[in-house]
Amino acid sequence: MNIEYPQNIFEITATSKETSARLGKVHTPHAVIDTPVFMPVGTQATVKAMTQEELCELGFKIILGNTYHLYLRPGHELIKRADGLHKFMSWDGAILTDSGGYQVFSLNDLRRIDEAGVTFKSYIDGSSHEFSPERVMEIEGAIGADIIMAFDECPPYPSTHQYTKEATQRTHDWAVRCKASAPANRALFGIVQGGLYRDLREWSAEFISSLDFPGNAIGGVSVGEPKEEMHNIVEWTTPLLPAYKPRYLMGVGTPLDIIDFVIQGIDMFDCVLPTRLGRNGSLYTTYGRINIKNAKYADDFTPVDPECDCAVCRKYTSAYIRHLYKADEILAARLATYHNLYFYQRVIRRIRAAIASDSLLAYRAEFLSKYTAGEA
RNA sequence: GGGGGGAUUCCCGAGUGGCCAAAGGGAGCAGACUGUAAAUCUGUUGCGCAAUGCUUCGGAAGUUCGAAUCUUCCUCCCCCCA
């Protein structure tokens with residue numbers, strides 16, 4: 001396939017008859033990415049606790065970086081001098097950079113928003129920095145990711161209809177400005193906002209779609225809203241995004257979330273859960289999530305997940321990993337992160353196979369029956 | 001042999017008449033985590049379902065309405081001088 005950014009980066013290779021799921025490929029300069037895909041989050045030019053070799057070994061072709069964090073440290077100019085983020089971090093796969101829109105939400109106490117953009121106070125040294133759509137495009141261009149995200153405002157949950165409307169309007173204006181100033185040879189994705197309001201979501205989905213980005217994202221979820229709200233938002237929004245372009249649900253989610261939203265027609269996901277939970281001692285297993293630090297694992301000399309064939313489960317026991325946590329050893333975070341990312345990859349592989357054989361709903365039921373069996 | 005200091009709940013360590021089941025930290029136990037200010041954060045930790053309940057501050061005996069806190073004796077530990 002001839003790659004001509006910014007259009008035509010996506011091809012659909014199979015569609016599900018029973019659901020809205022599809023199999024596809026996203027073409028980027030550094031990798032062809034099979035979808036549905038889960039992208040590990042590597043905010044600061046590292047997927048915490050993993051080496052790039054391990055990410056390859058785990059089968060990841062694309063990871064996230066964060067514009068705001070990398071701009072503050074080490075600085076986008078330095079990354080440019082290093083000949084881009086790929087070279088800087090020695091990652092041969094694709095990279096998607098988030099724009100800093102999420103930091104508008106998460107660094108609530110450290111920023112101020114107006115029409116021009118956002119003024120952030122650095123959490124590192126307190127200095128002030130201004131992000132405008134044009135500035136973000138410049139920074140993302142310097143960082144050099146394969147896919148770059150438009151600068152958006154992610155309103156907190158809950159926000160009033162009035163405020164959400166204003167934030168969504170700003171996001172729309174900024175999307176237009178991002179498109180106008182986007183660096184060449186990058187796939188710029190637009191982001192739908194609209195909070196938990198159906199009318200705003202529909203308006204935003206239609207507006208962002210009309211800008212004809214090579215891919216479209218749904219933002220403003222996984223900000224603390226109830227699961228039901230998240231489902232509503234995806235249900236309202238997804239069908240309005242062009243089917244022939246990749247759909248990216250930002251910040252989601254749990255393994256079950258991913259299955260559910262693939263069913264809705266989402267192609268791309270990213271989430272800190274497998275890595276953060278891993279560092280905090282929470283491990284995914286076929287039979288539910290466990291806290292490996294619990295006393296009941298002290299004498300458990302079996303693998304974390306009996307049905308997992310990852311390098312960690314083949315070699316190490318629950319008791320050993322628990323010990324590493326209790327002793328505050330750095331290997332604990334590494335083993336757990338590796339295992340959790342492998343778990344996500346297993347789920348994604350099963351999802352793809354199930355789409356190909358049109359048995360995604362059956363897979364969902366099977367996954368759920370085992371996954372919740374451990375919790376009862 | 002003489003002088004001085006000390007012993008507190010699993011550990012370290014505050015507390016010097018009632019507001020003390022006793023600060024704070026550690027360790028333990030449990031929970032949370034969804035475009036990462038996170039190897040972070042929260043709760044809990046004498047017994048008891050609870051009570052104006054019971055047991056606890058090296059041991060014993062006192063003083064007092066009331067003692068971890070005051071007195072006497074005992075045991076053990078540390079420092080200094082011989």
Side-chain angles (χ1 to χ4, degrees), chain A residues 38-50 62-70 72-73 95-111 120-126 145 147-155 157 171 189-193 217-227 229-231 233-234 248-258 260-261 266 268-284 289-298 321-322 324-337 340 344:
Chain A
F38 175 78
M39 308 178 283
V41 179
T43 304
Q44 312 219 52
T46 167
V47 174
K48 294 181 193 294
M50 290 293 96
I62 180 167
I63 62 173
L64 258 66
N66 185 279
T67 303
Y68 173 74
H69 290 278
L70 293 173
L72 283 185
R73 184 169 56 194
I95 298 174
L96 180 153
T97 39
D98 186 26
S99 60
Y102 185 78
Q103 280 62 46
V104 176
F105 154 74
S106 66
L107 301 178
N108 186 253
D109 298 336
L110 293 169
R111 62 29 170 197
F120 285 102
K121 240 174 106 180
S122 162
Y123 68 91
I124 299 169
D125 62 6
I147 296 173
I148 63 177
M149 301 307 296
F151 188 49
D152 65 329
E153 179 184 344
C154 181
Y157 177 87
T171 293
F189 280 27
I191 304 175
V192 172
Q193 287 293 341
I218 301 171
V221 295
S222 63
V223 289
E225 76 281 8
K227 189 132 286 194
E229 299 274 15
M230 190 194 281
H231 277 75
I233 291 165
V234 176
Y248 166 26
L249 182 60
M250 304 185 78
V252 175
T254 67
L256 183 60
D257 287 339
I258 291 173
D260 281 338
F261 297 131
I266 301 293
M268 303 167 69
F269 301 87
D270 78 279
C271 191
V272 302
L273 278 177
T275 47
R276 180 185 289 168
L277 290 181
R279 290 194 307 283
N280 292 338
S282 193
L283 304 220
Y284 285 100
R289 228 172 73 193
I290 65 167
N291 187 343
I292 197 68
K293 291 189 264 193
N294 286 174
K296 62 183 170 183
Y297 298 108
I321 296 171
R322 175 179 194 269
L324 293 176
Y325 273 102
K326 296 316 243 180
D328 208 19
E329 282 292 339
I330 202 161
L331 185 58
R334 289 187 26 73
L335 297 181
T337 300
N340 278 352
Y344 269 61

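What you are looking at is a predicted structure, and each value in this text was computed from that prediction instead of being measured. Lettering follows sequence order; numbering is per chain, from 1.
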Item checked: Whole-Å C1' distance, B/G58 and B/U75 -> 8 Å
Note to self: What contact category does A/K121 fall into here, base, sugar-phosphate, or nothing, at under 4.0 angstrom with non-hydrogen atoms?
What the structure shows: nothing
Checklist line | Spacing of A/R73 atom CZ relative to B/U36 atom P, expressed in whole Å | finding: 15 Å
Note to self: Just verifying a value: how many Å separate A/T337 OG1 and A/L277 CG, rounded to the nearest 0.5 Å?
What the structure shows: 9.5 Å
Note to self: Roughly how many Å apart are B/A21 and B/A68, using the C1' atom of each and rounding to a whole number?
What the structure shows: 11 Å
Next item on the list: For A/T254, check side-chain hydrogen bond (donor to acceptor under 3.5 Å, both in side chains) against everything at least two apart and list the hits.
Entry: A/D257
Item checked: Atom pair distance, as rounded to whole Å: CZ in A/F38 and P in B/G35 -> 9 Å
Check: What pairs with A/T67 under side-chain hydrogen bond (donor to acceptor under 3.5 Å, both in side chains), at least two apart in sequence or on another chain?
Finding: A/E140
Next item on the list: Could you give the distance separating B/C33 and B/G48 at their C1' atoms, to the nearest angstrom?
Entry: 35 Å
Check: Reckon A/A333 touches a base, only the sugar-phosphate, or nothing at all at heavy-atom distances under 4.0 Å?
Finding: nothing
Note to self: Distance check needed: B/U36 P versus A/Y68 OH, whole Å only.
What the structure shows: 12 Å
Check: Rounded to the Å, how far apart are A/K296 NZ and B/G28 P?
Finding: 18 Å
Notebook entry, point to check: When the C1' atoms of B/G15 and B/C76 are considered, how many whole Å apart are they?
Noted result: 23 Å
Checklist line | Gap between atoms CD1 and P, on A/I233 and B/G35 respectively (whole Å) | finding: 15 Å
Check: For B/C29, does OP1 or OP2 lie under 4.0 Å from any side-chain N or O of A/R322?
Finding: yes
Next item on the list: May I ask you to check whether A/Y102 and A/H69 place their ring centers less than 6.0 Å from one another?
Entry: no
Notebook entry, point to check: Paired with B/A37: which nucleotide, if any, by Watson-Crick or G-U wobble criteria at under 3.5 Å for both distances?
Noted result: none
Check: Within the structure shown, what part of the strands sits under 4.0 Å from A/I330 by heavy-atom distance: base, sugar-phosphate, or nothing?
Finding: base
Check: Any side-chain N or O of A/N294 under 4.0 Å from OP1/OP2 of B/A30?
Finding: yes
Check: Given the C1' atoms of B/U45 and B/U9, what is the spacing between them in whole Å?
Finding: 11 Å
Note to self: If you compare all heavy atoms of A/Y157 against all heavy atoms of A/E229, which two are closest, and at what distance to 0.1 Å?
What the structure shows: OH-OE2, 3.7 Å
Next item on the list: Select from A/E329 and A/P155 the residue whose nearest nucleotide in RNA chain B is closer to the 5' end of that strand.
Entry: A/P155
Check: Between B/A37, B/U36, B/G35, which nucleotide has the shortest distance from any of its atoms to the side chain of A/Y123?
Finding: B/A37
Check: What's the closest nucleotide to the A/R289 side chain, out of B/C33, B/A39, B/U40?
Finding: B/C33
Notebook entry, point to check: Taking any strand in view, what nucleotide pairs with B/G43 in a Watson-Crick or G-U wobble way, both distances under 3.5 Å?
Noted result: B/C29
Next item on the list: Could you check whether A/L64 gets within reach of a base, just the sugar-phosphate, or nothing at all, counting any heavy atom under 4.0 Å?
Entry: sugar-phosphate
Next item on the list: To the nearest Å, give me how far apart OH (A/Y325) and P (B/A38) are.
Entry: 17 Å
Next item on the list: Side chain of A/C154 only, please: which of B/G35, B/A39, B/C33 is the nearest?
Entry: B/G35
Margin query: Strictly below 4.0 Å: does A/K326 bring a side-chain N or O up to OP1 or OP2 of B/A39?
Written below: no
Check: Separation of A/L72 atom CG from B/U36 atom P, in whole Å?
Finding: 13 Å
Notebook entry, point to check: For residues 103-111 of chain A, which residues have at least one heavy atom under 4.0 Å from RNA chain B?
Noted result: A/Q103, A/S106, A/L107, A/L110
Notebook entry, point to check: If you measure from the C1' atom in B/U72 to the same atom in B/A67, how many Å do you get, rounded?
Noted result: 15 Å
Check: Given B/A37, B/A39, B/G35, which nucleotide is nearest the side-chain atoms of A/H69?
Finding: B/A37
Next item on the list: Have a look at A/G42 and say if it touches a base, only the backbone sugar-phosphate, or nothing, with a 4.0 Å heavy-atom cut-off.
Entry: nothing
Notebook entry, point to check: Considering only the C1' atoms, how many Å lie between B/U55 and B/C20, rounded to the nearest integer?
Noted result: 14 Å
Next item on the list: If B/A67 has a Watson-Crick or G-U wobble mate with both distances under 3.5 Å, name it; if not, just say none.
Entry: none
Checklist line | Earlier contact from the 5' end, RNA chain B, for A/D328 and A/D98 | finding: A/D98
Check: Between A/F269 and A/F38, is the ring centre distance below 6.0 Å?
Finding: no
Note to self: Taking B/C81 as the reference, what is the distance to B/G13 when you measure between their P atoms (whole Å, please)?
What the structure shows: 25 Å
Next item on the list: Mind calculating the distance between NZ (A/K293) and P (B/U42) to the nearest angstrom?
Entry: 13 Å
Note to self: Can you give me the closest heavy-atom contact between A/Y325 and A/A332, atom names plus distance?
What the structure shows: OH-O, 3.5 Å
Notebook entry, point to check: Taking atom types as modelled, is there a side-chain donor on A/N66 or A/Q44 under 3.5 Å from an acceptor on the other?
Noted result: no
Next item on the list: Classify the angle between the aromatic ring planes of A/Y68 and A/Y123 as parallel (below 30°), tilted (30 to 60°) or perpendicular (above 60°).
Entry: tilted
Next item on the list: Would you mind telling me which of B/G31, B/U36, B/G35 lies closest to the side-chain atoms of A/I191?
Entry: B/G35
Checklist line | Proximity to the side chain of A/L273 - top-ranked nucleotide from B/A38, B/C33, B/G31 | finding: B/C33
Next item on the list: Scan A/N66 against the nucleic acid and name what it touches under 4.0 Å (heavy atoms): base, sugar-phosphate only, or nothing.
Entry: sugar-phosphate
Checklist line | Pairing nucleotide - B/A60, Watson-Crick or G-U, each distance under 3.5 Å | finding: B/U72
Notebook entry, point to check: Do A/N291 and A/Y297 get their side chains close enough for a donor-acceptor pair, meaning under 3.5 Å?
Noted result: no
